[in-house]
Amino acid sequence: MSDIVLSAVLSDREAAESVVSMLPSSERTSLGSVRALDGTVGEWLVLATVAVNAVVPALAALRDLIEAKRVKSIKIGDVEINNPSREQADRLLELYEARLDDPRSASPDDPHD
Amino acid sequence: MTRTDREHITFLARTILGGSRPAARVRSPPLLARLADKASFLLGTEVTLVGFASQIPDIFALSGLTTAVVVYTPRFIELTTAYRFALLTKASASERRALARTFFSEMLSAKLVREGSVDAALRVFLASWLHAPPLMLGSQWRLDSILQDQHVTQLTVVVGYGLAHEVGHFVTFPDQSTPAMLIDSIDRTLVHVLASMGDRPGRPVRISPSDQADLAAHARQTPDHPLNPRHIFDEVAADLFAWDVMFNLAHDVAMDSGMQYDPIPVACEIYVQMMVIYFAERAEVNSRNVGTRPTDWDSATRYAFHDASVEVRSRMVGMLLAELFAAHYPAGRTREAMKDAIVASLAELDLILRPDFREFERGISSAMQAADRGDAIDQDMVDLLGAATLRLAKGDEYFTQDAREFCRLVGETEAPGMHIFRGLVGK
């Protein structure tokens, strides 16, 4: 199954940590931060390269955070959404759940959406 | 740096810099590639400086990737360079205050674009350009023009200091005893600085002795507080790292140009640039706070916190520089003589520049208070667009480029005046 690059910008550390906790522990997952000019930490980042089946739990965690307005943007594969809405997160989740159910998604040649 | 890292940086820059269309990466000038090499050598980790073309003046450090990454927009370097030279130019007190107000407006406009308040951003953007004092306007402040300057030492410092400071946030301290000692020293310095609040005309907030103690205790226990000693320590460490990088880089650049390297003028250049970055920071932080509807006392105190933090930082940097100078004194002079000469030069420079800095601080304070009242976005759009039309008709290249970039950032978002403005700039 092909790996997918997942990035998310979140408003606080706790939110970022909750997304990381939903991903399989792997060296390819990291938590980062953006330090502004005055040294204060603004946004938090989740950066990961994950298998398709790890995207679904991450998206489920993100969906709740999106509803709480704690997600500034997400990028999963080639799909990038700024200020995502709950509906957009639901559509993405459905898309990846369908891919899990579709045996063709297991093919390494399967292109990203 | 991996391909995935590059994708993450681009994604993040789009989110942070805002706007409706992605910012394009820019090719970093060779001087910055050299700075990255030098910083990487001193840090012991790979350093990547990534530029994005954007009307937003910004610079930030990004952790979590395989290398130490600092993202910048050339506009940040251009703006701080323009203000640096304007600060050093002969000008009246009112011109300096006007300059500071323009500086603040630039930062406020960027903040409003990020938030999607396009109408307000357009008003502030136009006002910042059209009411700017003539001192600082001109195409000589484009990054490519700045890099044509023959004053290599000055050029190295003005372009590199802010970036080197951000790289300094990646410095780690394996020996915890050193930070603990310095954090104690910062704590003591902070108590002195808080006690002196209200003694200066530019710092009107006086804090009672009992409130000083409460404030210092609260700051100690609150990691996000601007006066938290650990937070100030991180900034001091980044400042010192930037001084070290600048001394090393200025030395190499001077040698390559066949010039004699003298650390005293380099130290003076760095000192001035450090103050300019403090002003940029003050304008940026305060523009971020506009619209939070603080009471007057809260507002004044919040702004005073930043002043106090900068005061502590500059005192600490001054104290710690002696150690750094030891590595840079030229042959023929003793370490102590070199240290004394640099400290004396910086003290003299401070004496000369302090009144100018104070007027600049006052300008930022008044702009900030006006913005809190809503004055900053209460500009007449018809007047602003009329003045912009005249300016474009005169062929002002820098304004035209910035206006186009502003339209590009805003994209198709509609706001009163925006469609007229797009038509004026041909976007």
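A note on names: the letters A, B, ... follow the listed sequences, proteins ahead of strands, and every chain is numbered from 1. These numbers come from a predicted model, not from an experiment.
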Under 4.5 Å from a heavy atom of chain A, the part of B:I232 involved: neither
Region of A:A16 in contact with chain B, defined by heavy-atom distances below 4.5 Å: neither
Interchain contact, A:L6 with chain B, by part (heavy-atom threshold 4.5 Å): backbone
Check: B:T15 main-chain N/O paired with A:S73 side-chain donor or acceptor under 3.5 Å: no
Worked verdict on A:V5 versus B:H8 for side chain to side chain contact (heavy atoms under 4.5 Å, CB included): CA-CA 9 Å; A:V5 175; B:H8 285 315; 3.6 Å; yes
Residue list, ring pair (Phe, Tyr, Trp, His ring centres under 6.0 Å) with B:F233, at least two apart or on another chain: B:F173
Check: A:S33 side chain, B:S63 main-chain N or O, donor-acceptor pair, under 3.5 Å: no
Residue A:L31 versus chain B: region with a heavy atom under 4.5 Å: backbone
Euclidean distance, B:T4 OG1 relative to A:L47 CG, rounded to 0.5 Å: 10.0 Å
Spacing of A:T49 atom OG1 and B:E7 atom CD [to the nearest 0.5 Å]: 8.5 Å
Spacing of A:T40 atom OG1 and B:N228 atom CG [to the nearest 0.5 Å]: 12.5 Å
Interchain contact, B:Y278 with chain A, by part (heavy-atom threshold 4.5 Å): neither
Exceeds 12 heavy-atom contacts within 6.0 angstrom, atom CD of A:E14: no
CA sep, side-chain torsions, deciding dist, call: A:R35, B:D234, side chain to side chain contact (heavy atoms under 4.5 Å, CB included): CA-CA 11 Å; A:R35 198 182 276 262; B:D234 287 344; 4.0 Å; yes
